[in-house]
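Since the structure is predicted, the reported quantities are computational estimates derived from the model, not experimental observations. Note that the numbering runs from 1 along the sequence shown for the chain.
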Amino acid sequence: MAEALLLFLLSYILQLQLEVLGLATSSNHDFSYMKSVYNATDLPLEDVYDYIIVGGGTAGCPLVATLSRKYSVLVVERGSAPVSYPQVLSAGGSGANLLQEDDGKTPAQRFVSEDGVPNVRGRILGGSSMINGGFFSRAHDQFYNQSGIDWEMDVVEKAYKWVEDSIVFRSNLSSFQSIFRKALLQAGVGPDNGFTLQHLVGTKSSGSTFDELGRRHGAVELLNRGVLKNLRVAVEAYVEKIIFSSSNNASRLSATGVVYTDSKGRTHRAYIRDKGEVILSAGAIGSPQLLLLSGIGSVDHLFSLRIPIVHTNPHVGNFMADNPRNGIDVVSPSALDPSIGQVVGITSDFNYIQAVSANLPFSFPQPFGLFPNSTSPLQLSVATIVEKFSGPKSTGSLRLLSSAEVKVSPAVRFNYFSEAVDLGRCVKGMRKIGDLLKTESLEKLKFEDLEGAEGFQFLGPSLPKNQSDDASMETFCRSTVTSYWHYHGGCLVGKVVDGDYRVKGTNSLRVVDGSTFNASPGTNPQATLMMIGRYTGLKILQERRAPK
Ligand SMILES: Cc1cc2nc3c(=O)[nH]c(=O)nc-3n(C[C@H](O)[C@H](O)[C@H](O)COP(=O)(O)OP(=O)(O)OC[C@H]3O[C@@H](n4cnc5c(N)ncnc54)[C@H](O)[C@@H]3O)c2cc1C
Ligand SMILES: *[C@@H]1O[C@H](CO)[C@@H](O)[C@H](O)[C@H]1NC(C)=O
Ligand SMILES: *[C@@H]1O[C@H](CO)[C@@H](O)[C@H](O)[C@H]1NC(C)=O
Ligand SMILES: *[C@@H]1O[C@H](CO)[C@@H](O)[C@H](O)[C@H]1NC(C)=O
Ligand SMILES: *[C@@H]1O[C@H](CO)[C@@H](O)[C@H](O)[C@H]1NC(C)=O
Ligand SMILES: *[C@@H]1O[C@H](CO)[C@@H](O)[C@H](O)[C@H]1NC(C)=O
Ligand SMILES: *[C@@H]1O[C@H](CO)[C@@H](O)[C@H](O)[C@H]1NC(C)=O
């Protein structure tokens, strides 16, 4: 009897766990979506759809999959499909992919902000989710209250689950990630939260869009959950601008379509049907760029570029922010297994600490260490420990360098550490990394058996000896700043879009992507971006069913 009860309880608990996690099960890449993918050169020069989505990226893919349940949808994506760049589909190949020379078509478009910090953005169907580190963790609670959106939390929950049971995996921790996890706990980043997708103070392991075999399942696979016959994805197609018309509402202009060019340089026009919409999901650089190119922005800037004004809004392209990435690279005396990030430490000050291990060739010019690379026989095993903090408060701006060419990347400045509070938070995070170096767990990485934080070999700068000294810690933060690639802003909620992501002062136009964030959600943003794509799609279907 007791045994039966125990068994029942056990199976109940197991079921509960499965229900709560509801993750994807290991599977091969699913390329069904290719049935809907067209080379833009093969599409008509003029066409009509219910919805047109600009950018088949991280937020864009779940959005279009959802809208395609009921409506015809055109996605216009400047990059190619992942099959053209198969290295993005594996963790091992992704490092090479990020380091590849940018030929104007490669999936990782490089840019350098005016701060002088190198950066990349996705240029491929699936967007930056196809070139990223795969770490998957939901938004922090405050995000929902501070994002300017009146969230329906049950729909948020459903939207996350929809994403998670499609493309999110839980893998066993690699041996280095276990060492790192232990170090976080020994350095006082507690409690131990085990495995969870939730944002909880303490140490946890989280999900990944890479499965156990290191295969990437990015946002592009969410397209498979749409109705493929209603979906048309144009690749190698650059949207140049949004078409507006005043015919159906004299008081404000309505988006009626987009102009895009294919790889032969031919111009196409796609229009939306009555009650349809144009939705920008071109990312934090692409969406403000397109609003400006289309005549929505500050009078001075548009005037100086001779762009006809559709609606003046000085906030377009403002509040551009990028979370600084600071850290150390520790050379390991013994070989480390390469690992992607599976673990994060979340301090009560909202510093986020993550780590990767990689085998780098001796000739490697500078530490990078996002992805494993184990092809060279002459290697250094390197553990990279990095921190970011939520926010940041420091912001900059984006402006066009050319009025006519969407392919000319806009100039972006993030003004890292221009707000003193950010510098203080970096110092806190780096002190915590200093604590990690004193843990028993990380002694394995020492070359010499010395006390405390002594005995490590660093590739690149080491932490200041005296970590109580604010000035030297601040200098370290400023001089080692790199990008965590979580840049956001440019079309903020409340400034450029309203609480339904509609572009203020226009009709039939929204922006749904990282450009709307006033702070980066969670430890890493992709989970939230995919949730928002799905969420907004559901809300639009709901609105159309029951018009106000
Ligand atoms: C190297 C790197 C590592 C990262 N690691 C992680 C991680 O481990 N975990 C995590 O959560 N986040 C990570 N991120 C961040 C995360 O991937 C991004 O914040 C997120 O993917 C951005 O999503 P988005 O929808 O805003 O834009 P994107 O996914 O970039 O989508 C924008 C899309 O629009 C297209 N586009 C732009 N302009 C045009 C145009 N004019 N016409 C047609 N198409 C256009 C682009 O080609 C792109 O496909 C990382 C990012 C990078 C770059
Ligand atoms: C699309 O068509 C153009 C022109 O024929 C060609 O150069 C390009 O390689 C094609 N792209 C793909 C992904 O097939
Ligand atoms: C490993 O790095 C080297 C040097 O950057 C690069 O040439 C090579 O293609 C990479 N290999 C893989 C599998 O990432
Ligand atoms: C948001 O704020 C409300 C009111 O202050 C609070 O009750 C709620 O718990 C907050 N929600 C989250 C998710 O933080
Ligand atoms: C993960 O760990 C469990 C328990 O040690 C083991 O049974 C399983 O085979 C591992 N999975 C993989 C993919 O290595
Ligand atoms: C025109 O737009 C305004 C502002 O959104 C709206 O209040 C009004 O109802 C619209 N008029 C028509 C005829 O659609
Ligand atoms: C470390 O820096 C603090 C603050 O500047 C200073 O008071 C202290 O004397 C320094 N310690 C050592 C050992 O130099």
Does the distance from a Lys or Arg side-chain N to an Asp or Glu carboxylate O, for [X] and [Y], drop under 4.0 Å?
X      : Y      : answer
Glu114 : Arg399 : yes
Arg478 : Glu474 : no
Arg431 : Glu387 : no

Donor-acceptor pair, side chain of [X] and main chain of [Y], under 3.5 angstrom:
X      : Y      : value
Ser381 : Ala335 : no
Asp102 : Arg110 : yes
Arg413 : Met320 : no
Arg181 : Ser205 : no

Nearest atoms (heavy-atom pairs only) where [X] meets [Y]:
X      : Y      : value
Ala282 : Leu290 : CB-CD1, 4.4 Å
Thr58  : Met530 : O-CG, 3.6 Å
Gly116 : Pro118 : O-CD, 3.7 Å
Val168 : Gly207 : CG1-CA, 4.0 Å
Cys477 : Met430 : SG-CG, 4.0 Å
Gly341 : Phe135 : O-CD1, 3.2 Å

Legend entry - Stepwise ring-ring contact (aromatic ring centres under 6.0 Å, His included) check, Tyr352 with His199: CA-CA 11 Å; Tyr352 309 142; His199 186 98; 5.3 Å; yes
Inset, instruction - May I ask you to check whether over 12 heavy atoms, not counting those of Asp449, lie within 6.0 Å of atom CG? - result: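 For Asp449, atom CG is not crowded (no more than 12 foreign heavy atoms under 6.0 Å).
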Find the distance between [atom1] ([X]) and [atom2] ([Y]) and round it off to the nearest 0.5 Å.
X      : Y      : atom1 : atom2 : result
Leu200 : Asn193 : CG    : CG    : 4.5 Å
Gln526 : Thr209 : CD    : OG1   : 4.5 Å
Leu125 : Cys61  : CG    : SG    : 5.0 Å

Inset, instruction - Apply side-chain hydrogen bond (donor to acceptor under 3.5 Å, both in side chains) to Gln100 and Thr106, showing your working. - result: CA-CA 8 Å; Gln100 201 173 14; Thr106 37; 5.2 Å; no
Do any side-chain atoms of residues 405-412 form donor-acceptor pairs under 3.5 angstrom with protein atoms, and if so which ones, sequence neighbours left out?
unit_1 : atom_1 : unit_2 : atom_2 : d
Glu405 : OE1    : Lys407 : N      : 3.1
Ser409 : OG     : Gln109 : NE2    : 3.0
Ser409 : OG     : Arg121 : NH2    : 3.4

Check: [X]/[Y] side-chain N/O donor and acceptor closer than 3.5 Å:
X      : Y      : value
Ser390 : Arg425 : yes
Lys204 : Ser137 : yes
Ser441 : Gln186 : no
Asp192 : Thr203 : no
Asp300 : Ser298 : no
Tyr416 : Asp422 : no

Inset, instruction - Only pairs at least two apart or in different chains count here, so list each ring pair (Phe, Tyr, Trp, His ring centres under 6.0 Å) that has a residue in residues 445-466. - result: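 Listed by first then second residue: nothing to list.
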Inset, instruction - Before giving the answer on salt bridge (charged side-chain N to carboxylate O under 4.0 Å, His left out), spell out for Lys428 and Asp349 the whole-Å C-alpha distance, their side-chain angles and the decisive distance to 0.1 Å. - result: CA-CA 8 Å; Lys428 272 191 176 163; Asp349 295 320; 3.7 Å; yes
Legend entry - Pair Tyr487 and Phe111, ring centroids less than 6.0 Å apart: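 Yes, the ring of Tyr487 comes within the 6.0 Å limit of the ring of Phe111, centre to centre.
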Legend entry - Non-neighbouring partners of Thr480 that pass side chain to side chain contact (heavy atoms under 4.5 Å, CB included), sequence neighbours left out: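 Thr480 satisfies side chain to side chain contact (heavy atoms under 4.5 Å, CB included) with Asn326, Pro461, Phe476 only.
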Inset, instruction - Check the pair Arg138, Glu157 against salt bridge (charged side-chain N to carboxylate O under 4.0 Å, His left out), reporting the backbone distance first and the verdict last. - result: CA-CA 10 Å; Arg138 292 186 182 188; Glu157 182 63 26; 2.9 Å; yes
